[in-house]
Amino acid sequence: AASDMHSATLAIDEFLDDLSNWYIRRSRRRFCKSTHDLDKHTAYATLYHVLVKLIKLLAPLTPFVTEMMYQNLVRAVQPTAYDSVHHCDWPEVDIAAVQSTLLDQMALTRQVTSLGLGARSTVNLKVRQPLAKALVHVRDGQETLSEAFTAIVADELNVKTLQFVADEAILLRFEVLPNSKLLGPRFGAQFPQVRAALSALDPAAVVHQVQAGSPLVVTLDGEDIELTSEEVLIRTHPAAGLAVATEKGVTVAVDTTVTPALRTEGLARELVRRLQVMRKDAGFNIEDRIVTYCLAEGELAEAVATWAEYIKAETLSLDLVTAAAPSESYCETHTIEGATITLGVQRHV
């Protein structure tokens, strides 16, 4: 029998991206909790279940690495298990376990997150910089997100609140223009009439049609003419103080106003990132408790003072000392947003 390894590999590659960049990344805090509570156990049990099923799926494609993983994951803890992954049955889909509402909510969560990150990037706002809010418009007929998924998006976009709005016009306005390179040669002297016909249409309705891939119909001298999505240009104009991205009936806007308090919090997050890298460069173990030293100026000093507890918690620092680091510590000097800070990290004994 013929096999289609290419299609299978593409499907599994997409799944691995979901597993790594969404489930594992989003669950890092659950894995790293110091107490063995039910939530931590559930996170590990879910990952274990997925990995065991995955190596059974991958076994015909990558027989050696999956065999090694099987011996480590299964045989090492289940002496009664089959001797080899290649003795196991092929996994079957459990239709009863599929929760379509949950899948739809997660798909919308990821779409809103992707658009929000895209909106941030258009105005060069790093994700580490907290923002006040994000606003979301979902076209009629689509559900908004439950509280749990709203919290995920707010965390991913690093915004304090996430609000759903009914009126897309609050976020942006659309401008529909003819693609002159394509429509000029097609209509010649009638091109100005085509432009006028396009400008008379409801821009939001045009955008929805174009995003759906439907042809656009305009009336020219009493005759209906079809225009393809490539023959129409759509420009978006965000409302004041917002950065906006839109796709497939979903529009996401982020508030671009960075208040002094938000800026200070952003600097604290940047400091945490630098300290995490320093922990790694100093050769510390991930669970090591440390003492952190810092000498800062200006806004950086304010960020350290205001967000000291947050910085300590995120970097596993038992103490955050405002002083020069001792000679035996690992020390670096950084310039952040034009201000200088000297950081030192030392393993706590």
Side-chain angles (χ1 to χ4, degrees), residues 1-118 127 143 145-146 148-157 247-248 250 276 280 285-287:
S3 61
D4 183 2
M5 292 180 63
H6 180 67
S7 296
T9 303
L10 290 178
I12 291 169
D13 181 62
E14 186 176 345
F15 173 77
L16 279 173
D17 183 62
D18 291 346
L19 177 65
S20 176
N21 290 327
W22 274 90
Y23 183 74
I24 293 177
R25 183 178 59 82
R26 288 288 318 168
S27 300
R28 278 184 302 192
R29 290 185 185 276
R30 300 171 69 195
F31 293 132
C32 294
K33 284 180 181 176
S34 57
T35 55
H36 291 271
D37 58 11
L38 180 61
D39 182 59
K40 180 174 183 176
H41 173 78
T42 303
Y44 275 111
T46 301
L47 181 59
Y48 181 84
H49 174 85
V50 169
L51 288 175
V52 172
K53 285 290 176 71
L54 182 61
I55 59 175
K56 291 178 182 178
L57 280 175
L58 282 171
L61 307 180
T62 53
F64 300 111
V65 71
T66 51
E67 179 63 23
M68 183 171 65
M69 290 177 69
Y70 179 82
Q71 296 299 325
N72 291 337
L73 285 171
V74 181
R75 284 286 294 167
V77 294
Q78 298 179 31
T80 59
Y82 288 115
D83 289 344
S84 167
V85 67
H86 303 292
H87 295 168
C88 298
D89 290 334
W90 181 261
E92 293 184 5
V93 176
D94 182 4
I95 299 297
V98 176
Q99 300 180 42
S100 56
T101 302
L102 190 64
L103 292 173
D104 291 343
Q105 287 272 292
M106 195 66 213
L108 183 57
T109 293
R110 294 181 64 171
Q111 185 183 4
V112 171
T113 297
S114 177
L115 287 171
L117 293 174
V127 182
E143 289 186 11
L145 295 174
S146 68
F149 287 101
T150 298
I152 291 175
V153 177
D155 187 47
E156 287 288 307
L157 296 184
E247 178 190 50
K248 297 178 182 176
V250 178
Q276 299 287 30
K280 184 178 179 181
N285 295 322
I286 193 170
E287 72 278 4

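Index from 1, following the sequence. Atom set for the values below is all heavy atoms of this structure, side chains included, hydrogens, waters and symmetry mates excluded.
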Run the side-chain donor-acceptor check on residues 46-61: report pairs under 3.5 Å with partners two or more places apart or on a different chain.
from, atom 1, to, atom 2, distance (Å)
Thr46, OG1, Thr42, O, 2.9
Tyr48, OH, Leu73, O, 2.7
Tyr48, OH, Gln78, NE2, 3.4

Which pairs of donor and acceptor atoms, one on a side chain in residues 85-92, lie under 3.5 Å apart (sequence neighbours left out)?
from, atom 1, to, atom 2, distance (Å)
His86, NE2, Pro63, O, 3.2

Lys280/Ile286 under side chain to side chain contact (heavy atoms under 4.5 Å, CB included): CA gap, chis, key distance, verdict: CA-CA 8 Å; Lys280 184 178 179 181; Ile286 193 170; over 6 Å; no

Verdict with supporting geometry, Val93 and Ile95, side chain to side chain contact (heavy atoms under 4.5 Å, CB included): CA-CA 6 Å; Val93 176; Ile95 299 297; 3.6 Å; yes

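At most 12 non-hydrogen atoms from other residues, nucleotides or ligands lie less than 6.0 angstrom from OH of Tyr82.
Leu145 and Thr150 make their closest contact through O-OG1, 3.5 Å (heavy atoms, listed as atom of the first residue, atom of the second, distance). Annotation for Lys248 and Gln111: closest pair CB-NE2, 3.8 Å, computed over non-hydrogen atoms. The shortest non-hydrogen separation linking Tyr70 to Ser84 is CE2-C, 3.5 Å.
Residue Met69 holds its CE atom at 8.0 Å from OG1 of Thr66, rounded to the nearest 0.5 Å. In this structure, Thr113 OG1 and Leu157 CG are separated by 5.0 Å, a value rounded to the nearest 0.5 Å. To the nearest 0.5 Å, the span separating CD on Glu67 from CZ on Arg75 amounts to 9.5 Å. Taking OG1 of Thr101 as the reference point, atom CE of Met106 lies at 14.5 Å (rounded to 0.5 Å).
For Asn285 (side chain) and Glu287 (main-chain N/O), no donor-acceptor pair under 3.5 Å exists by modelled atom type.
Applying the side chain to side chain donor-acceptor pair (under 3.5 Å) test to residues at least two apart or on different chains, the pairs with a partner in residues 10-25 are Asp17-Asn21, Asp18-Arg110, Arg25-Glu156.
Side-chain contact check for Leu102 versus Phe149: some heavy-atom pair is nearer than 4.5 Å. Considering only heavy atoms from C-beta on, Tyr44 comes within 4.5 Å of Lys40 through its side chain.
Side-chain contact check for Asp4 and Ser7: at least one donor-acceptor pair (N or O, by modelled atom type) lies under 3.5 Å.
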